[in-house]
Structures are given as structure tokens and as C-alpha cells.
Visitor: 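I am attaching a structure below and will ask some questions about it afterwards.
Chain A is the first sequence line, chain B the second, and so forth, proteins listed ahead of strands; every chain is numbered from 1. In this text, all values refer to a predicted model and were calculated from it rather than measured experimentally.
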There are 2 protein chains.
Amino acid sequence: MTGAPAIREKHDGALADRTSIRLWLRLLSCTTVMEKRIRRRFADRYDATLPRFDVLAALDRAPDGMTMGALSRALLVSSGNVTGVVQALLRDGYVLMTTSPTDGRASIVRLTPEGQDHFAELSEAHHEWIDAMLAGMSRHDREALYELLGALKLSLAADTGEEKP
Amino acid sequence: MTGAPAIREKHDGALADRTSIRLWLRLLSCTTVMEKRIRRRFADRYDATLPRFDVLAALDRAPDGMTMGALSRALLVSSGNVTGVVQALLRDGYVLMTTSPTDGRASIVRLTPEGQDHFAELSEAHHEWIDAMLAGMSRHDREALYELLGALKLSLAADTGEEKP
DNA sequence: GCTTGATATTTTAAGCTTGAAACTTTTTCC
DNA sequence: GGAAAAAGTTTCAAGCTTAAAATATCAAGC
């Protein structure tokens with residue numbers, strides 16, 4: 001599979017162009033700006049954090065609750081991490097935690113009604129912020145960007161990090 | 001400037017489409033995957049971290065050194081944060097810190113020769129990793145993605161976070 | 001039934017990140 | 001020259017993140 005082989009210099013293995021690095025830096029910059037902005041607004045206006053929002057969002061999609069392990073896999077974070085975030089949500093009364101009736105090792109986490117309300121509020125604000133941040137792009141450009149990010153996703157999936165054979 | 005005004009529902013101000021949210025989630029996903037991969041490889045193969053690499057990169061561009069404040073502004077992180085990262089680099093012998101001769105409040109941080117060598121090694125690996133991760137995209141697509149991210153950058157700059165007037 | 005290994009979770013140590021408070025030095029303004 | 005304000009930096013508390021070690025439970029095989 002050789003869609004577009006990287007063009008290399010004759011010397012020392014450095015790529016001839018800086019396209020990739022510039023692209024990565026711009027991608028990182030855009031994401032960082034958006035993420036910091038969302039984080040800041042959550043903190044300032046709702047006394048909330050992005051990781052807690054992520055957990056609430058995952059639980060909102062699972063009315064019957066999720067195990068800690070399922071949460072960890074869904075959010076792509078370590079299980080130890082989930083433990084801390086869920087404990088904070090427990091203190092705030094936004095989630096309930098029960099031991100699974102079928103597996104004594106597993107805990108099942110569930111939104112409380114307060115958690116549902118809280119998430120609904122956060123979610124609406126979050127949606128509006130994203131819309132506003134992207135409002136300066138035409139729908140055509142947004143869709144084109146979405147598609148190209150799909151191509152990037154594929155490229156990332158193809159890169160295994162192995163040394164060249 | 002009205003490239004393509006957002007299409008809104010008649011009711012409750014919610015946008016009619018989910019283009020923006022889907023785009024944001026995909027953007028975040030791609031960046032997170034790349035960032036975690038780089039972070040992991042730095043840790044596994046070089047006993048380094050991404051924040052330290054960022055500081056080294058900024059200092060590498062400033063042969064005469066930078067103040068802590070300049071570093072903080074260049075990297076878009078808090079000054080307290082820079083303090084911690086620079087202290088770690090000091091312990092490793094990669095940077096030197098001196099009080100500014102013209103301003104007793106300011107510290108000037110500079111790479112040591114070891115720091116320069118270390119950064120050169122990290123930088124080359126970093127470059128190769130990025131190239132490999134993006135190698136699955138055609139040059140045309142990479143450039144198109146770069147341009148669209150430029151449009152996103154502009155859109156972000158236009159969003160002030162103010163309430164609608 | 002009991003041992004062995006696998007699985008689910010928590011704990012711990014180390015590091016990054018921020019915002020606010022504290023400290024030092026410089027600048028400004030009488 | 002001296003007081004007050006401003007600026008550069010560090011310290012501190014709180015929270016997120018990970019990997020690795022420790023706990024507890026389940027499952028398989030004998």
C-alpha cells in the first residue's frame with residue numbers, strides 16, 4: 001500500500017519538506033485553543049471540568065449505567081484516572097455507584113437525576129460554544145475539514161510505530 | 001463577512017445540524033491520538049516529556065536565552081508551570097539559569113551543550129514520528145488540511161466568547 | 001473444594017497544569 | 001529620595017494523567 005510515498009532527501013533521512021510538521025503544529029494549535037477555551041468557560045461559568053463533562057456525557061448515553069472499565073475504555077483514559085473523576089462526581093451527587101449484582105469485582109456507575117440535569121445544562125452550553133467557534137467557517141469548509149480529518153484518522157491507524165523493516 | 005451563516009432552527013436557538021460538534025470531536029480525537037503517541041514514545045525511548053521538549057524547542061530558537069516570562073508567553077502556559085518544567089531541565093543539566101544583568105527580577109534560561117544535543121536527538125525522532133503518522137495522506141490532502149485549519153484558526157480568532165448583542 | 005490465573009478496581013508516586021497568593025525588584029510619581 | 005504601583009518569578013493548593021503495585025473477585029481445571 002503506497003498511496004503517496006514520503007519524499008526523502010538523499011542525505012541523512014530528513015524529509016525534503018516540512019509539510020507534516022507544519023500541519024501537526026497547526027492542528028495542535030487549533031485543538032489547544034479550543035480546548036483551553038472550553039475548559040476555562042466550564043470552570044468560570046459552571047464550576048465544572050472537561051474530564052467530568054466527558055464522564056457525564058458517556059453516562060448520559062448509558063441509561064443503565066456503565067462499569068468503571070467500560071468508562072475507561074470509552075474515554076481512552078486509564079482506569080485509575082476514572083476512579084478519581086468518578087469520586088469527584090460522587091461527592092457532587094451527580095452519579096451513583098453500585099456493585100454489579102453479577103460480578104462482585106465490577107462497579108456500575110449511573111447518573112442521578114441531578115447529574116442528568118447538570119449534564120443537560122453543560123451540554124447545551126458546550127454545543128453553543130463549539131457552534132460559535134466554528135461559525136466563521138462555511139458549511140462547505142467544515143464538511144471538507146471533517147472529511148480530511150477522516151483521512152488523517154486512517155493515516156494514524158496505519159502508523160504502528162514499528163521500525164522500518 | 002458572511003461566508004455561510006449558521007442555519008438555526010426556529011425553536012430554542014439550537015443549530016439545525018451537528019456538523020460543528022462532529023467536526024470538533026474528530027479534531028480532538030486526531031490530536032489526542034497523535035499527542036498520546038508522541039508522549040508515550042518520548043517517555044519510553046528517551047525518558048523525556050512533551051512539555052520539556054516544548055521548552056527545549058523554544059530555547060533552541062533563542063541562542064541568547066529567554067526569560068521565564070518570554071517562555072511562558074511563547075508556550076501559552078502559566079509562569080508557575082514554566083518554573084516547574086525548567087527546574088526539571090536544570091536538574092538534568094539541559095539548561096542554565098542566570099539572573100538578568102539588566103533586570104534583577106528576571107531570570108534568563110539558556111540551553112547547555114548537553115541540552116542542545118538532547119534536543120537535536122528528540123527533535124529528529126519527533127520529526128520522523130510526525131512524518132510517519134501523516135504518511136498515509138497524499139501531499140495534496142495534507143496541504144488542503146493545512147489550509148482548512150487556517151480557516152478554522154481565523155474562525156477561532158473571531159469568536160470572542162461574548163454574549164450575543 | 002482448591003489452586004492458579006485472569007479480570008476489575010483502587011492506590012500510589014511522579015509529573016503536568018492552572019490560578020491565586022507571596023516575594024522581590026524595578027519603575028513611576030510626587 | 002521615598003512611597004506606591006507595576007512587573008517577574010516562585011510557591012501553593014487543587015485537579016488531571018499515567019504506569020505500576022496492591023486488592024479483591026471470578027473462572028478453570030484438577
Visitor: Nearest-Å distance, CG (A/D47) to P (C/dG19)?
Guide: 14 Å
Visitor: Ignoring the backbone of A/T83, work out which of D/dC16, C/dT10, D/dT9 is nearest its side chain.
Guide: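 Of the options given, the side chain of A/T83 lies nearest C/dT10.
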Visitor: Rounded to the Å, how far apart are A/D92 CG and D/dG15 P?
Guide: 10 Å
Visitor: Send over the distance from A/M97 CE to C/dA8 C1', rounded to a whole Å.
Guide: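 Spelled out: CE on A/M97 to C1' on C/dA8 is 10 Å.
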Visitor: Output the rounded distance in Å from CZ (B/R105) to P (C/dA22).
Guide: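 Roughly 20 Å, once rounded to whole Å.
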Visitor: Which part of the nucleic acid, if any, lies within reach of A/R52 when heavy atoms closer than 4.0 Å are counted: base, sugar-phosphate only, or nothing?
Guide: sugar-phosphate
Visitor: Name the nucleic acid region contacted by A/T67, choosing base, sugar-phosphate or nothing; use a 4.0 angstrom heavy-atom cut-off, strictly under.
Guide: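 Counting heavy atoms under 4.0 Å across all strands, the contact made by A/T67 is with sugar-phosphate only.
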Visitor: Taking only N and O in the side chain of A/K36, is any of them less than 4.0 Å away from OP1 or OP2 of C/dT18?
Guide: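 Checking A/K36 against C/dT18: at least one side-chain N or O falls below 4.0 Å of OP1 or OP2.
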Visitor: Looking for any heavy atom pair under 4.0 Å, which part of the strands does B/R39 touch: base, sugar-phosphate only, or nothing?
Guide: nothing
Visitor: Could you tell me whether B/G104 contacts a base, only the sugar-phosphate backbone, or nothing, with contacts defined as non-hydrogen atoms closer than 4.0 Å?
Guide: sugar-phosphate
Visitor: Base, sugar-phosphate or nothing for B/S107? Non-hydrogen atoms, less than 4.0 Å.
Guide: sugar-phosphate
Visitor: Send over the distance from B/F42 CZ to C/dG15 C1', rounded to a whole Å.
Guide: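 Distance check: B/F42 CZ to C/dG15 C1' gives 16 Å.
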Visitor: Are B/F53 and B/F119 near enough that their ring centres are under 6.0 Å apart?
Guide: yes
Visitor: Specify the closest pair of heavy atoms between B/M97 and B/S107, including all atoms of both residues, with the distance to one decimal.
Guide: CE-CB, 3.4 Å
Visitor: Quick check: closest heavy atoms across A/K153 and B/S29, and the distance to 0.1 Å?
Guide: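 Heavy-atom minimum between the residues: NZ-OG, 2.9 Å.
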Visitor: Taking CD1 from B/I38 and P from D/dT18, how many angstroms apart are they, rounded to a whole number?
Guide: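 After rounding, the gap between these two atoms is 16 Å.
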Visitor: Is B/R73 touching bases, backbone alone, or none of the nucleic acid, heavy atoms closer than 4.0 Å?
Guide: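 Nothing, no heavy atom under 4.0 Å.
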Visitor: 5'-most contact on DNA chain C: B/N81 or A/A106, nearest heavy atom basis?
Guide: A/A106
Visitor: By the 4.0 Å heavy-atom rule, please label B/T49 as base, sugar-phosphate, or nothing.
Guide: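 B/T49: backbone/sugar contact only, no base atoms under 4.0 Å.
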Visitor: What contact category does B/D103 fall into here, base, sugar-phosphate, or nothing, at under 4.0 angstrom with non-hydrogen atoms?
Guide: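 The residue B/D103 makes sugar-phosphate contact but no base contact.
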Visitor: Under the 6.0 Å and 45° cation-pi test, does A/R26 pair with B/Y146?
Guide: yes
Visitor: Figure out the CG/C1' separation between B/D54 and C/dG15, and round it to whole Å.
Guide: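 For the pair B/D54 CG and C/dG15 C1', the rounded distance is 14 Å.
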Visitor: Mapping A/G69 and A/R40 to their closest nucleotides on DNA chain C, which lands nearer the 5' end?
Guide: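 Checking each residue's closest nucleotide, the 5'-ward one belongs to A/G69.
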Visitor: Is there a side-chain contact (heavy atoms from CB on, under 4.5 Å) between A/H126 and A/F42? Walk through the geometry before answering.
Guide: CA-CA 8 Å; A/H126 180 258; A/F42 269 149; 4.1 Å; yes
Visitor: Using a 4.0 Å heavy-atom cut-off, does A/Q87 contact any base of the nucleic acid, only the sugar-phosphate backbone, or nothing at all?
Guide: sugar-phosphate
Visitor: Return whichever of B/I108 or A/V82 has its heavy-atom-nearest nucleotide of DNA chain D closer to the 5' end.
Guide: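 Result of the comparison: B/I108.
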Visitor: Answer yes or no: is there an ion pair linking B/R41 with A/D159, defined by an N-O contact shorter than 4.0 Å?
Guide: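 Looking at B/R41 and A/D159, the cut-off is met.
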Visitor: Measuring from the side chain of A/M68 (C-beta onward, heavy atoms only), which nucleotide among D/dT18, C/dT9, C/dT17 has the closest atom?
Guide: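 Within the option list, the nearest is C/dT9.
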Visitor: Whole angstrom is fine here: how far is it from CG in A/L50 over to C1' in D/dG15?
Guide: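 Roughly 13 Å, once rounded to whole Å.
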